[in-house]
Structures are given as C-alpha cells and as structure tokens.
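Notes to accompany the following structure.
This is a predicted model, so every value here is computed, not measured. Position 1 is the first residue of the sequence; numbering continues from there.
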Amino acid sequence: MTNAKTDRDWDEKYATANTPWDSNLPSRELLNVLNQYAVSPGLAIELGCGTGTNAVALAKLGWQVTAVDCVPQALEMAKLKAEDAGVVVDWIEADVHNFGQGLESFDLVFDRGCYHCCRRVDLKGYMNTLRTVTQPGSQMLCLCGNPNENEQGGPPRVPEESVRKEFSDLFEINHLRAFHFEDAGGMQGPLGWSVWMKRK
C-alpha cells in the first residue's frame with residue numbers, strides 16, 4: 001500500500017519549516033484562470049492544500065471548499081488562516097491517493113504541486129481519486145513542474161507529453177501553458193505547467 005509520505009517526509013518538512021513551495025500567497029494562476037474562464041463559485045476541493053492559503057482564497061470568493069492534506073501540522077496552520085479570514089473550509093487529513101469515497105462530486109478540483117509528487121508514488125491511486133471526486137463536466141486546474149528551464153532545484157518536473165497522456169483518460173485539456181509559480185514575497189518562482197481541464 002502506498003502512502004503520500006513515500007515521496008518525501010512531509011511531516012519533517014513542516015516541522016523544520018523547510019517548505020519553499022509555501023509562499024503564503026494565493027496562486028496568481030488560479031485567480032487568473034477563474035477570471036479568464038468566468039468560473040462561477042460552487043463546490044471545490046483542493047488536493048495537497050498545505051497551510052491552506054488557496055483553499056481560504058477560494059472560500060473568500062464564495063466557493064464551498066474541501067481541502068485535503070496528509071500533514072497534521074499544515075492543517076492546523078490552515079485552520080488558523082481560515083479563522084482569521086472568517087471563512088469555513090472542510091479540512092480533511094488524508095492521503096490523496098485513492099481518496100474521496102463517500103464525498104459528493106466537486107465542480108472544481110485544484111492542485112498546486114500535488115500531482116507532480118503523487119505521480120512518482122502512485123499515479124493510479126491519484127487518478128482514482130480524481131475519478132472519485134469528479135463527474136462529467138467537473139473542471140480541474142493542475143499546476144505542476146515544467147522541465148523547460150535550466151534552473152536547479154524547484155519542484156519535480158513533468159514533460160508535456162506525460163501530462164497529456166496521464167490525464168487523457170479522464171479529462172479534455174482546455175489549455176496547457178507555461179507559467180511561473182510565485183515564491184514568498186511575490187518573487188518569480190520555478191517554471192510550471194498550468195493545465196486547465198474538463199472531466200469527460
């Protein structure tokens with residue numbers, strides 16, 4: 001049986017504050033996509049929500065949000081952010097592989113940096129989760145590492161052809177475009193893929 005923490009020790013990362021991906025800023029690309037495609041609020045789920053910045057941002061926009069992560073410390077921090085913002089989010093501690101049984105289908109799935117780790121541990125389990133928490137017409141934004149730059153470090157990188165192949169059974173890709181993650185302070189972060197999809 002696989003576990004999300006097989007890829008790296010996420011508990012240790014949060015315990016030592018070694019979380020370079022956690023900019024504490026809502027994803028600019030998420031907000032751009034919602035605006036570009038005029039996506040109306042509904043039911044949303046964030047996979048690998050970390051300390052909850054994006055889940056809280058979605059809730060502030062009127063979404064009914066469920067957010068999942070495998071690290072208790074991250075979720076405790078996320079709950080405090082939601083309280084400070086005056087919003088309600090359904091926080092769930094769970095492995096995002098083979099997750100979601102018993103939940104209703106969501107209108108929007110958001111993944112900022114979960115897929116590119118999960119695919120190295122249990123791609124089938126991750127896709128099983130997407131199958132479980134979506135229905136035809138559900139939309140998904142996946143932000144993942146992009147190999148088309150020479151910088152060292154950063155997130156795991158996924159070739160474009162792999163992204164297209166791995167999502168093709170479940171989703172039609174509306175756009176697959178390059179973008180940059182944001183680092184703390186709003187600095188330009190690593191190159192990524194923005195993958196906006198609709199469930200078949």
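Rounded to the nearest 0.5 Å, atoms CD (E160) and NZ (K165) are 14.5 Å apart. Distance check: I173 CD1 to K198 NZ gives 14.5 Å after rounding to the nearest 0.5 Å. The line from CD of Q135 to OG1 of T132 is 12.5 Å long, rounded to the nearest 0.5 Å. Distance check: T51 OG1 to D69 CG gives 9.0 Å after rounding to the nearest 0.5 Å. Distance check, rounded to the nearest 0.5 Å: CZ of R28 to OG of S23 gives 9.0 Å. Here the SG atom belonging to C70 is positioned 8.0 Å from the CD atom belonging to E93, to the nearest 0.5 angstrom.
Residues V88 and M77 are members of separate hydrophobic clusters, defined by side-chain heavy-atom contacts under 4.5 angstrom among Ile, Leu, Val, Met, Phe, Trp and Tyr. V68 and L80 are members of different hydrophobic clusters when ILVMFWY side chains are connected at heavy-atom separations under 4.5 Å. A continuous path of ILVMFWY side-chain contacts below 4.5 Å connects L123 to F167, so both sit in one hydrophobic cluster.
No salt bridge links K200 with E172; every basic N to acidic carboxylate O contact stays at or beyond 4.0 Å. For the pair E76 and K79, the salt-bridge criterion is met [side-chain N within less than 4.0 Å of a carboxylate O]. Of the charged side-chain nitrogens involved, none lies within less than 4.0 Å of a carboxylate oxygen, so that K124 and E166 do not count as a salt-bridged pair.
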Full working for side-chain contact (heavy atoms from CB on, under 4.5 Å) between R199 and S105: CA-CA 11 Å; R199 172 73 192 272; S105 297; over 6 Å; no
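With T134 contributing its side chain and L130 its backbone, the two residues share a donor-acceptor pair below 3.5 Å. Put simply, the side chain of H116 never gets that close to the backbone of C144: no donor and acceptor are under 3.5 Å apart. Of the possible polar contacts, none joining the N54 side chain to the P26 backbone as a donor-acceptor pair under 3.5 Å is found. Of the possible donor and acceptor atoms, one in the side chain of T129 sits under 3.5 Å from a partner among the backbone N and O of F99. Here the side chain of D183 pairs no donor or acceptor atom with the backbone of M187 at under 3.5 angstrom. Of the possible donor and acceptor atoms, one in the side chain of D111 sits under 3.5 Å from a partner among the backbone N and O of G113. Judged by distance alone, the side chain of H180 and the main-chain N or O of G189 form a donor-acceptor pair under 3.5 Å.
Side-chain atoms of V158 and R119, non-hydrogen and from C-beta on, do get closer than 4.5 Å to each other.
Considering all non-hydrogen atoms of both residues, S138 and F171 come closest at O-CE2, 4.4 Å. Residues L170 and M127 approach most closely at CD1-O, 3.7 Å, considering heavy atoms. Considering all non-hydrogen atoms of both residues, E182 and S27 come closest at OE1-CA, 3.6 Å. Considering every non-hydrogen atom in both H175 and S194, the closest pair reads NE2-OG, 2.9 Å.
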Using residues 147-156 as the side-chain source, report each donor-acceptor pair under 3.5 Å to any protein atom, sequence neighbours left out, with the distance given to one decimal.
from: N148; atom 1: ND2; to: N146; atom 2: OD1; distance (Å): 3.2
from: E149; atom 1: OE2; to: L191; atom 2: N; distance (Å): 3.1

Side-chain donor-acceptor pairs under 3.5 Å in residues 41-50, sequence neighbours left out?
from: E46; atom 1: OE1; to: A55; atom 2: N; distance (Å): 3.1

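Heavy-atom contacts from other residues, nucleotides or ligands closer than 6.0 Å to CD of E161 number more than 12.
In the hydrophobic clustering, where aliphatic and aromatic side chains (Ile, Leu, Val, Met, Phe, Trp, Tyr) are joined below 4.5 Å either directly or transitively, L31 groups with L30, V33, L34, Y37, V39, V56, L58, L61, W63, V65, L75, V87, V89, W91, L108, F110, L141, L143, F179, F181, W196.
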